[in-house]
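This structure is a prediction, so every number in the text was calculated from the model and none was measured.
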Amino acid sequence: MFSFFKTKKNYQNVDSITFNKLLGETPNAVLIDVRTSAEFKEKSIDGAINIDVMKSEFSEKIALLDTDKTYFMYCRSGNRSGNACNMMDALGFSNLYNLSGGLMKWTF
């Protein structure tokens with residue numbers, strides 16, 4: 001009845017096991033941590049690049065990325081990275097994975 005309230009997600013929320021598996025199996029995968037630089041310095045997943053979704057230049061920085069690559073996004077809980085996935089989708093990115101539960105659920 002109220003389907004207009006539902007928004008289509010063009011990214012996949014995946015658990016940490018699936019995220020880690022897909023990340024390892026995907027050639028040229030790009031791992032992006034969207035937390036602040038202070039959070040990134042404290043703890044991050046090996047190989048991640050830090051692009052803070054809360055900074056005004058986030059859109060400018062992601063606009064420079066290759067839309068054909070596959071991106072694995074994460075933050076502390078999965079909320080900011082989900083928002084980042086939505087922003088990237090709006091810019092034409094289609095291969096996006098969000099770490100459901102973020103680093104709080106990262107088991108590796």
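Just one residue in the list Ile32, Asn95, Leu31, Thr26 forms a side chain to side chain contact (heavy atoms under 4.5 Å, CB included) with Tyr71, and that residue is Ile32.
For the pair Asn98 and Cys85, the tightest heavy-atom approach, listed with the atom from each and the gap, is CB-SG, 4.0 Å. The two atoms that bring Asn13 and Ser100 nearest to each other are CB-CB, 4.3 Å, heavy atoms only. Nearest heavy-atom pair, Ile62 versus Met88, reported as atom, atom and distance to 0.1 Å: CD1-CG, 3.4 Å.
Between the CG atom of Asp66 and the CG atom of Asn28 there is a distance of 9.0 Å, given to the nearest 0.5 Å. Atom NZ of Lys105 sits about 10.5 Å away from atom CG of Asp15, to the nearest 0.5 Å. Between the CD1 atom in Ile45 and the OG atom in Ser16 there is a gap of 9.0 Å [rounded to 0.5 Å].
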Set out, in order, the CA-CA distance, both residues' side-chain angles and the distance that settles side chain to side chain contact (heavy atoms under 4.5 Å, CB included) for Ser44 and Arg35, then state yes or no.
CA-CA 10 Å; Ser44 63; Arg35 300 172 303 145; 4.0 Å; yes
Step by step, work out the side chain to side chain contact (heavy atoms under 4.5 Å, CB included) result for Phe58 and Val34.
CA-CA 9 Å; Phe58 179 78; Val34 300; 4.2 Å; yes
Kindly indicate, with the supporting measurements, whether the criterion salt bridge (charged side-chain N to carboxylate O under 4.0 Å, His left out) is fulfilled by Arg76 and Glu42.
CA-CA 12 Å; Arg76 184 184 65 82; Glu42 188 178 301; over 6 Å; no
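The closest donor-acceptor contact from the side chain of Ser77 to the backbone of Gly102 lies at 3.5 Å or more, if one exists at all. Checked by atom type and distance alone, the side chain of Asn50 pairs as donor or acceptor with a backbone atom of Asp33 at under 3.5 Å.
Met104 and Met73 fall into different hydrophobic clusters, where Ile, Leu, Val, Met, Phe, Trp and Tyr side chains are chained together by heavy-atom contacts under 4.5 Å. Under the 4.5 Å side-chain heavy-atom criterion for Ile, Leu, Val, Met, Phe, Trp and Tyr, Met87 and Tyr74 are members of distinct hydrophobic clusters. Residues Val14 and Trp106 share a single hydrophobic cluster, defined by chaining ILVMFWY side chains whose heavy atoms lie under 4.5 Å apart.
Through direct or indirect side-chain contacts shorter than 4.5 Å among Ile, Leu, Val, Met, Phe, Trp and Tyr, Leu64 is connected to no other residue.
Under the 4.5 Å side-chain criterion, counting only non-hydrogen atoms from C-beta, Phe108 is in contact with Ile17. Between Leu96 and Gln12, every side-chain heavy-atom pair lies at or beyond the 4.5 Å cut-off. At a threshold of 4.5 Å between non-hydrogen side-chain atoms, the residues Tyr97 and Leu99 do not count as touching. For the pair Asp89/Tyr11, no side-chain contact is recorded, criterion being any heavy-atom separation below 4.5 Å from C-beta on.
Between Phe72 and Phe19, a ring centre-to-centre spacing shorter than 6.0 Å is recorded.
Annotation: Met54, atom CE; neighbour count of heavy atoms from other residues, nucleotides and ligands within 6.0 Å does not exceed 12.
Using modelled atom types and a 3.5 Å distance limit, the side chains of Thr36 and Asp52 yield no donor-acceptor pair.
Listed by first and then second residue, the side-chain hydrogen bond (donor to acceptor under 3.5 Å, both in side chains) pairs that reach into residues 53-62 come to none, sequence neighbours excluded.
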